[in-house]
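For reference, positions follow the sequence shown, starting with 1.
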Amino acid sequence: MINHVWGLLTHPSQELRQIKHEGESIRHLYAHHVLLMAAIPVICAFIGTTQVGWDFGEGHTLKLSAFTALYSAVIFYVLILAAVALMGRVIYWMARRYPSRPSWQSCTLFAGYAATPLFLAGMVALYPIIWLCLFVGIIALCYAGYLLYLGIPTFLNIDRQEGFIFSGSTFAIGVLVLELLLGLTVLLWGYSSRLL
């Protein structure tokens, strides 16, 4: 798993070809990549929100209790896992119109590995400052878009020029899914902190 992460950061084209060649199953993807990588933002957010607290500037800091943070972290983790599966399904649905007709398994593998920069960006939640989280998140989102663009010809066998349009559409839907995920997390934190 670590080899793929390092490879996606240092030589993404070659690493995406190697991942495709391995023919990994969805179960293996989740067991060896997604379950572990999705834990990074969850654990970092738990530590950051209970020990440091969200810094909104001007001395306004919001700390969560350990119970509230744990409850929120479990739900956030499940939402991340569901978001990867959802993006795999979206990519599969969008790719049906192309002659290559990639499998659902290939599309889900592609979604799981393309999300790697977003998982790694979750480390910034250890010290949750809004502007820093946004800055790192935007960089990770841009790199995930780059992985989408590089991986479409490799994973989905779609021509690079058509892949540019495909990656743009996939990127837009991915941003909406990410916003939904973050919105649900904020609502969850707000709701659970009122209950406790």
Under a 4.5 Å cut-off applied to non-hydrogen side-chain atoms, are Val136 and Met123 in contact?
no
Can you see which heavy atom on Thr50 is nearest to which on Ala66, and at what distance?
CG2-CA, 4.0 Å
I'd like to know if the side chain of Gln51 reaches the main chain of Tyr127, judged simply by a donor and an acceptor atom lying under 3.5 Å from each other, with no hydrogens or angles considered.
no
Measure up the Tyr98 and Phe166 rings against each other and bin them: parallel (under 30°), tilted (30 to 60°), perpendicular (over 60°).
perpendicular
Can you tell me how far the CZ atom of Arg96 sits from the CH2 atom of Trp104, to the nearest 0.5 Å?
14.5 Å
State plainly whether one hydrophobic cluster holds both Leu35 and Leu79, where clusters connect Ile, Leu, Val, Met, Phe, Trp and Tyr through side-chain heavy atoms under 4.5 angstrom apart.
yes
For the CD1 atom of Ile173 and the CG atom of Leu180, what is their distance to the nearest 0.5 Å?
13.0 Å
Assess whether side chain to side chain contact (heavy atoms under 4.5 Å, CB included) is satisfied between Leu120 and Met37, documenting all intermediate values.
CA-CA 7 Å; Leu120 293 174; Met37 295 300 289; 3.5 Å; yes
Could you pull out the closest heavy-atom pair between Ala38 and Leu81, with the gap in Å?
CB-CD2, 4.0 Å
What is the distance from atom OH of Tyr77 to atom CD1 of Ile40, rounded to the nearest 0.5 Å?
10.5 Å
Minimum heavy-atom separation for Cys133 and Pro128, please, with both atom names.
SG-CA, 4.1 Å
For Thr154 and Lys20 the tightest heavy-atom approach is O-CE, 3.8 Å
Ignoring hydrogens, what is the shortest heavy-atom contact between Met94 and Ser169? Give both atom names and the distance.
CE-CB, 3.3 Å
Nearest 0.5 Å, please: how far is CG in Leu126 from CG in Leu132?
10.5 Å
Measure the NZ-OG1 distance between Lys63 and Thr68 for me, rounded to the nearest 0.5 Å.
14.0 Å
Going by distance alone, is a donor N or O of one side chain under 3.5 Å from an acceptor N or O of the other, for His4 and Glu22?
yes
Please report the closest heavy-atom contact between Ile19 and Glu24, naming both atoms and the distance.
CG2-OE1, 4.3 Å
Yes or no on side chain to side chain contact (heavy atoms under 4.5 Å, CB included) for Cys44 and Val124, after CA distance, side-chain angles and deciding distance?
CA-CA 7 Å; Cys44 290; Val124 78; over 6 Å; no
Within-4.5 Å side-chain heavy-atom neighbours: Gln14 and Arg17
yes
Can you check whether Tyr149 and Tyr146 have ring centres sitting under 6.0 Å from each other?
no
Taking Leu36 as the starting point, is it possible to reach Val74 by hopping between hydrophobic residues whose side chains are less than 4.5 Å apart?
no
Could you walk me through whether His33 and Val5 satisfy the side chain to side chain contact (heavy atoms under 4.5 Å, CB included) test, starting with their C-alpha distance in whole Å, then the side-chain angles of each, then the deciding distance to 0.1 Å, before giving a yes or no?
CA-CA 9 Å; His33 186 76; Val5 172; 3.9 Å; yes
Any side-chain heavy atom of Tyr143 within less than 4.5 Å of one from Leu118?
no
Applying the side chain to side chain contact (heavy atoms under 4.5 Å, CB included) test to Ile91, which of Ile152, Thr108, Leu156, Leu109 qualifies?
Leu156
Taking the side chain as every heavy atom from C-beta outward, state whether Leu141 and Phe171 have any atom pair closer than 4.5 Å.
yes
Drop me the distance from Phe135's CZ to Ile129's CD1, to the nearest 0.5 angstrom.
13.0 Å
With a 4.5 Å cut-off on side-chain heavy-atom distances among I, L, V, M, F, W and Y, is there a chain of contacts connecting Phe119 to Val175?
yes
Set out, in order, the CA-CA distance, both residues' side-chain angles and the distance that settles side chain to side chain contact (heavy atoms under 4.5 Å, CB included) for Tyr113 and Leu29, then state yes or no.
CA-CA 9 Å; Tyr113 283 108; Leu29 167 75; 3.4 Å; yes
Is it possible for you to say whether Ile26 and Tyr92 belong to one hydrophobic cluster, with membership spreading through side-chain heavy-atom contacts below 4.5 Å?
yes
Hphob cluster co-occupancy, Leu178 + Ile139, side-chain heavy atoms under 4.5 angstrom
no
